[in-house]
Structures are given as C-alpha cells and as structure tokens.
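The next block holds one structure in the form of structure tokens; read it before the comments.
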Amino acid sequence: MEAVAVAHPNIALVKYWGKADPSRNLPAVGSISITLDTLTTTTRVRFGRELDGDILTLDGEPASAERSDRVSACLDLLRERRPGLGHAEVVSRNSFPTAAGLASSASAFAALVTAVNPLLEPPLGDAELAEIARRCSGSAPRSLLGGFVELALEGDGTVLRRLLDRREWPLEVVIAVVSRDAKPVGSTAGMELTRTTSPYYEAWLATSTTDLAAARWAIAARDIEALAAVAEGSCLAMHAVAMAARPGLVYWGAPTVDGLHLVRELRRRGTPVFFTIDAGPQLKAVCGPGSSDAVAAALAGVPGVVEVVRCGLGEGARVVGR
Ligand code: 2P0
C-alpha cells in the first residue's frame with residue numbers, strides 16, 4: 001500500500017485570486033498556467049493499519065500542525081471516496097523553498113493525490129482527481145497536467161484542460177528568488193481578506209473572462225507579445241486588488257519592483273519576455289524559446305536577488321514508484 005509520485009509547481013499567467021465558495025474551495029475565477037520542470041515535489045504515501053493517525057514529514061522534518069492538518073483534510077476527501085483506507089504516512093520533499101511564492105502547495109497536493117490514486121480500489125478518474133486536488137489547493141489541479149493548462153469555471157464546479165503540450169511552445173522561465181522566507185500572509189488567508197475588504201474585488205472578477213479569452217488566443221497563436229500584455233495585466237490587477245484590501249497585502253520587495261522594470265526594459269529592446277508575480281516576492285520572467293540566457297544574466301545582477309532558478313516547461317504529476 002505504498003506509492004511515490006512527483007509533481008512540479010505551475011505559475012499562473014491568468015491569475016486565480018478569490019473564492020466563490022470557500023467551503024468547497026471553489027475559485028471565483030478561472031485561471032491559465034504553465035507547469036514548470038526543474039523544481040520538483042516528490043511524495044511517498046504509505047497506508048498502514050498500524051498507524052493511529054496521519055504522519056507528515058516535509059523535507060526531512062516533522063511538518064507543522066497546520067500543514068499536517070491540511071494534508072489530513074485532503075486525505076479525508078480521498079478516504080470519503082474509498083472508506084477503509086486507514087491512516088497514512090506521507091513523506092514529501094521539495095527541491096525549492098516551501099511557501100515562498102514558488103507554488104509549493106500546488107505541487108504538494110498534486111503529488112499527494114497522484115501518489116494516493118493508484119492505491120484506491122478502483123482509482124479515481126481524471127476529473128474526480130482534479131476536483132479533489134482543487135479542494136485541497138486551488139492551484140493544485142493545474143499541476144496534474146503539463147504544458148499550458150486552464151482551470152475553467154463550468155457549471156457548479158471547475159474543469160481542467162490542457163491548452164498546449166509543453167513541446168508545442170517551449171517557453172523558458174527565469175525565477176528571480178528575492179527571499180527564501182515563508183510569506184507573512186498565505187494565499188488562502190490573503191484571498192479571503194481581499195474578497196471581504198478590497199473595494200476593487202468586483203472589478204477584479206470582471207477582468208477575468210476577457211483575460212482568459214485573450215490568453216487562450218495568444219497561446220493558440222504562440223504570440224508572446226499578446227501573452228505578455230494579458231499576463232502582466234492579470235498579475236498587476238491581482239496585486240492591485242490585494243493591495244487595496246484592509247490591511248493591504250503587499251507581497252513585493254524592492255528587488256521585485258526593480259526586476260519588473262528590468263524585464264520591461266529588456267522587452268522594449270527586443271527580448272521576448274514578460275513578468276509575473278505570485279503571492280510572494282519572487283519575480284518570474286517568462287521568456288520566448290531560447291531567450292532566457294540574457295534574462296537570467298540580467299536578473300542575477302539586480303541587487304537583492306539571492307538566486308536565479310531556470311526552468312523549462314514540465315510534465316504533469318505522475319507516479320514514479322510502487
Ligand atoms: C495563482 N495563486 O493563480 C494564484 C496567484 C497565488 C497568486 O493560486 O487557497 O495556494 O489553497 O486554493 O492553491 C495560490 O493558490 O490557494 C494561487 P488555495 P493556493 O497561481
């Protein structure tokens with residue numbers, strides 16, 4: 001009763017921020033992302049009758065009560081589908097800092113549900129597994145697939161779709177790591193604060209349908225200029241609505257802002273590149289195929305950037321051992 005899965009983080013080009021139904025973790029907006037390679041979460045799950053509770057080890061240490069409870073809640077959703085599973089020992093390792101705006105919850109929960117699924121009798125189908133991943137973490141279902149992925153709102157729930165295989169448009173990503181510390185306000189709390197206090201929340205929701213359509217079109221056309229416009233717009237709108245919450249959420253550091261200006265300057269001079277920023281200070285530069293060398297060198301020179309991580313587009317979550 002043991003399986004190992006790997007998953008990669010994803011970064012959203014059209015952002016998810018806000019929940020329509022917190023009790024079901026239903027996003028208020030659809031989102032479009034790219035799955036990365038290089039950064040990896042590897043998770044081993046073992047169900048054992050002798051266990052009297054779930055045990056989570058993260059990067060070699062016993063996990064905090066908060067993280068352990070979140071993993072148990074996710075396992076409970078799977079146990080509801082297949083009663084009799086019992087408790088689990090979960091051992092997870094990230095090749096990158098946890099909770100610092102590198103989408104660790106996305107790869108964490110994608111790896112977790114992917115490792116558990118082959119142990120279910122019978123395994124869940126793709127749509128049901130994606131639904132469970134989404135309830136565990138809204139960005140996690142996007143890491144189940146590789147390449148360009150959309151999590152669309154449909155009916156009373158969400159539908160996961162691959163828009164393009166990673167080989168069909170091999171964009172490159174440079175992550176300028178500004179801080180390895182965990183962010184002060186996590187995404188879940190930040191989204192709720194934004195929904196309940198930001199005067200711009202309705203305006204933010206209204207940007208989503210147009211942005212999703214524009215991004216779908218730009219991806220189908222492999223048009224990086226068009227994708228740059230929509231992705232930077234969605235990122236800045238997400239941060240604007242969060243900054244207007246009370247108290248305002250400012251995830252950026254000074255190097256984040258310097259990096260943003262640098263990326264725009266590089267683009268003005270002809271490099272196909274645009275930025276995006278998630279709920280943390282890291283700046284992610286998305287580059288056209290073969291264009292990341294100059295971008296990585298330039299971002300490494302920004303004062304306060306502690307590391308530059310380079311990625312291509314990655315595969316979806318998968319089982320790697322039984
Ligand atoms: C995104 N983020 O679309 C956006 C942009 C962060 C900034 O999805 O509450 O940590 O678990 O559903 O999965 C963060 O989402 O939030 C996120 P929950 P999660 O990538």
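Note that these values count all heavy atoms, side chains included, but never hydrogens, waters or copies made by symmetry. Whatever order the structure lists them in is the order used to number ligands and atoms, beginning at 1.
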Verify whether one side chain among Asn10 and Arg142 offers a donor that lies under 3.5 Å from an acceptor in the other.
-> yes

Distances only, to 0.1 Å: what are the N or O pairs between ligand 1 and the protein that fall under 3.5 Å?
{"unit_1": "ligand 1", "atom_1": "3 (O)", "unit_2": "Tyr16", "atom_2": "N", "d": "2.9"}
{"unit_1": "ligand 1", "atom_1": "3 (O)", "unit_2": "Arg142", "atom_2": "NH1", "d": "3.2"}
{"unit_1": "ligand 1", "atom_1": "3 (O)", "unit_2": "Arg142", "atom_2": "NH2", "d": "3.4"}
{"unit_1": "ligand 1", "atom_1": "9 (O)", "unit_2": "Lys19", "atom_2": "NZ", "d": "2.5"}
{"unit_1": "ligand 1", "atom_1": "9 (O)", "unit_2": "Thr188", "atom_2": "OG1", "d": "2.6"}
{"unit_1": "ligand 1", "atom_1": "10 (O)", "unit_2": "Ser105", "atom_2": "OG", "d": "3.1"}
{"unit_1": "ligand 1", "atom_1": "11 (O)", "unit_2": "Arg70", "atom_2": "NH2", "d": "2.7"}
{"unit_1": "ligand 1", "atom_1": "12 (O)", "unit_2": "Tyr16", "atom_2": "OH", "d": "2.7"}
{"unit_1": "ligand 1", "atom_1": "12 (O)", "unit_2": "Lys19", "atom_2": "NZ", "d": "3.0"}
{"unit_1": "ligand 1", "atom_1": "12 (O)", "unit_2": "Asn25", "atom_2": "ND2", "d": "3.2"}
{"unit_1": "ligand 1", "atom_1": "12 (O)", "unit_2": "Gly138", "atom_2": "N", "d": "2.6"}
{"unit_1": "ligand 1", "atom_1": "13 (O)", "unit_2": "Ser137", "atom_2": "OG", "d": "2.5"}
{"unit_1": "ligand 1", "atom_1": "13 (O)", "unit_2": "Gly138", "atom_2": "N", "d": "3.1"}
{"unit_1": "ligand 1", "atom_1": "13 (O)", "unit_2": "Ser139", "atom_2": "N", "d": "3.0"}
{"unit_1": "ligand 1", "atom_1": "13 (O)", "unit_2": "Ser139", "atom_2": "OG", "d": "2.7"}
{"unit_1": "ligand 1", "atom_1": "20 (O)", "unit_2": "Arg142", "atom_2": "NH2", "d": "2.8"}

Is the shortest distance from a Lys or Arg side-chain nitrogen in Glu121 or Arg82 to a carboxylate oxygen in the other one below 4.0 Å?
-> no

Taking distance alone, no hydrogens or angles, what donor-acceptor pairs closer than 3.5 Å link side-chain atoms of residues 299-322 to residues at least two apart or in another chain?
{"unit_1": "Glu307", "atom_1": "OE1", "unit_2": "Arg180", "atom_2": "NH2", "d": "2.8"}
{"unit_1": "Arg310", "atom_1": "NH1", "unit_2": "Asp293", "atom_2": "OD1", "d": "3.2"}
{"unit_1": "Arg310", "atom_1": "NH2", "unit_2": "Ser292", "atom_2": "OG", "d": "2.7"}
{"unit_1": "Arg310", "atom_1": "NH2", "unit_2": "Asp293", "atom_2": "OD1", "d": "2.6"}
{"unit_1": "Arg318", "atom_1": "NH1", "unit_2": "His8", "atom_2": "NE2", "d": "3.4"}
{"unit_1": "Arg318", "atom_1": "NH1", "unit_2": "Gly316", "atom_2": "O", "d": "2.9"}
{"unit_1": "Arg318", "atom_1": "NH2", "unit_2": "His8", "atom_2": "NE2", "d": "3.4"}

When you check the gap from the basic side-chain N to the acidic O, do Glu232 and Arg267 get nearer than 4.0 Å?
-> yes

Would you call Tyr16 and Ser33 a side-chain contact if the rule is heavy atoms closer than 4.5 Å?
-> no

Using atom types as modelled and distance alone, determine if a side-chain donor or acceptor of Thr42 lies under 3.5 Å from a backbone N or O of Val6.
-> no

